[in-house]
Amino acid sequence: MSNGLEDVVAAETVLSDVDGLAGRLIIRGQPLEAMAGRSNYEAVLSLLWDGFFPDLPTDLRQPLADARVRVFELLGVDLHLVADRPAFDAMRALMALLPDGTELDSALLLAAAPGVLLPALLRLRDGEEALAPDSSLSHATDMLRMTTGAAPGAELAKALDTYLVTIADHGLNASTFAARVVASTEAGLTSSVLAALGALKGPLHGGAPGPVLDMLDAIGRPENAERWIEAQLAEGERLMGFGHRIYRVRDPRADALKAALQRVGKGGAVDTGRLALAAAVEAAALRALKQHKPDRPLDTNVEFYTALLLEALGFPRDSFTAVFAAGRVGGWIAHAKEQAATGRLIRPKSRYVGPMPKVAA
Ligand code: COA
């Protein structure tokens, strides 16, 4: 038995490979470094979904844009019902109303939904009117426009696109596994995506980037980093944005996002003080983790730079996990289709350690 299913191979996939020792992520034959910043989210969707839908068009830009418009038409009237709930929960509640099919149309609505619903919910929360999608724009550009209320500069749109590409798929992580378990029962794609959303929400998976910013705020100044981190570790606390179940070296996604952040920083969208603080915290954390856990390599993970990048793009920190979902939804759908195609129900065993019934004498 393996409590966290470490080292258990539970699926064969053509979608992505995470090599934790080499610090390498491959998406359908392409290394992440070749994609992040060069490919766009729509192209990555095409890559991930290739072979899983008989009617998949070669270019998904327009179908995805049209799906954004349809999501707004379908769910825009219901936004006010959940607008007072936390953004992630409200988005999840609305996505549950999408049709639970297994065909391309369902997939497109699900992939489009976070990019439409999250911006609308954030604006309603701020007392603004939700903006309708613009189907002439790319997914990342439109998502950012609907969030901030203004057409974003090309550099900012590119940075969000790079983020969505970077986190689109990542092996059999907890949320992807949840999606595959549900798909193995022959439930629809919406059911799979809802299960994945539930798994993503936890701080050990997709919920870490908000707390990364809380940590930076608590530290305040570069010279406080070492003392604050030492105190946390002495209390047995974990440092958010560090460590990974698979990677024993630096998470390659951290570098892709750091590069995106630096590009945005050159355009003046990132506070240089914030960057200096982040650099000091990262260096102090890596030093301290090495000292406290010499036997367990703990390096920077994707969430550390996610936090800084999404902050620079103007997303509030309690929405970061929902932005993560906007990218990962493409991977969940591909995995759900791949699992369903095996026709095999996922049903492991448990070992009973409870009491046995008393046998009558
Ligand atoms: N800060 C401090 N200690 C950490 C740590 C962190 N971020 N991550 C792991 N450790 C320690 C654990 O406390 C444990 O120490 P112990 O053996 O003395 O008890 C040891 O390293 C091994 O941890 P384990 O819980 O077996 O690792 P895991 O594979 O389950 O953990 C994470 C993976 C991601 C859950 C874990 O690294 C973590 O909690 N990181 C912080 C949250 C985060 O950034 N999540 C986003 C992931 S992309």
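Positions are given from 1 along the sequence. Indexing begins at 1, ligand by ligand and atom by atom, following the structure's order. Since we're looking at a predicted model, the values are computed, not measured.
- Taking each of Glu237, Gln232, Arg245, His170 in turn, the one with a heavy atom nearest to atom 33 (C) of ligand 1 proves to be Arg245.
- Checking atom 19 (O) of ligand 1 against the protein gives no heavy-atom contact under 4.0 Å.
- Of all the atoms in ligand 1, the ones that sit under 4.0 Å from a non-hydrogen atom of Leu289 are 1 (N), 2 (C).
- No donor-acceptor contact under 3.5 angstrom links the side chains of Trp332 and Ser192, judged on distance only.
- Of the protein's heavy atoms, Lys293 NZ, 3.2 Å lies nearest to atom 15 (O) of ligand 1.
- Side-chain atoms of Asn224 come within 3.5 Å of backbone atoms of Ile219 as a donor-acceptor pair (strictly under, hydrogens ignored).
- Within the listing of ligand 1, atoms 21 (O), 22 (C), 27 (O), 28 (P), 29 (O) sit less than 4.0 angstrom from a heavy atom of Arg296.
- Comparing heavy-atom distances from atom 35 (C) of ligand 1 across Met240, His292, Glu303, Arg238 singles out Arg238 as nearest.
- Using modelled atom types, one side-chain atom of Ser16 and one backbone atom of Gly171 make a donor-acceptor pair closer than 3.5 Å.
- Here the heavy atom of the protein found nearest to atom 47 (C) of ligand 1 is Asn301 ND2, 3.6 Å.
- The single protein non-hydrogen atom nearest to atom 41 (C) of ligand 1 is Phe242 O, 3.4 Å, given as residue, atom name and distance.
- Under a 4.0 Å criterion applied to the non-hydrogen atoms of Gly243, ligand 1 contributes the atoms 34 (C), 37 (O).
- In this structure, the protein non-hydrogen atom closest to atom 1 (N) of ligand 1 is Leu239 N, 2.9 Å.
- Formation of a donor-acceptor pair under 3.5 Å by the Thr342 side chain with backbone atoms of Glu338 is not found in this model.
- Ring geometry for Phe324 against His205 counts as perpendicular: the plane angle is over 60°, on a 0 to 90° scale with 30° as the lower cut.
- Of the possible polar contacts, one joining the Glu42 side chain to the His139 backbone as a donor-acceptor pair under 3.5 Å is found.
- Remark: distances from the non-hydrogen atoms of Pro203 to ligand 1 include one below 4.0 Å.
- Remark: minimum distance from atom 8 (N) of ligand 1 to any protein heavy atom is reached at Leu298 CD2, 3.7 Å.
- Taking a cut-off of under 4.0 Å to the non-hydrogen atoms of Gly241, the atoms of ligand 1 that pass are 43 (C), 44 (O).
- Lys266 and Glu155 are not joined by a salt bridge, as no carboxylate oxygen comes within less than 4.0 angstrom of a charged side-chain nitrogen.
- Between Asp19 and Arg248 there is no salt bridge, since no side-chain nitrogen of the basic residue lies less than 4.0 Å from a carboxylate oxygen of the acidic one.
- Atoms of ligand 1 lying under 4.0 Å from any heavy atom of His205, numbered from 1 in the order shown and given with element: 46 (C).
- A donor-acceptor pair is defined here as one N or O able to donate and one able to accept, closer than 3.5 Å; such a pair exists between the side chain of Asp251 and the backbone of Val302.
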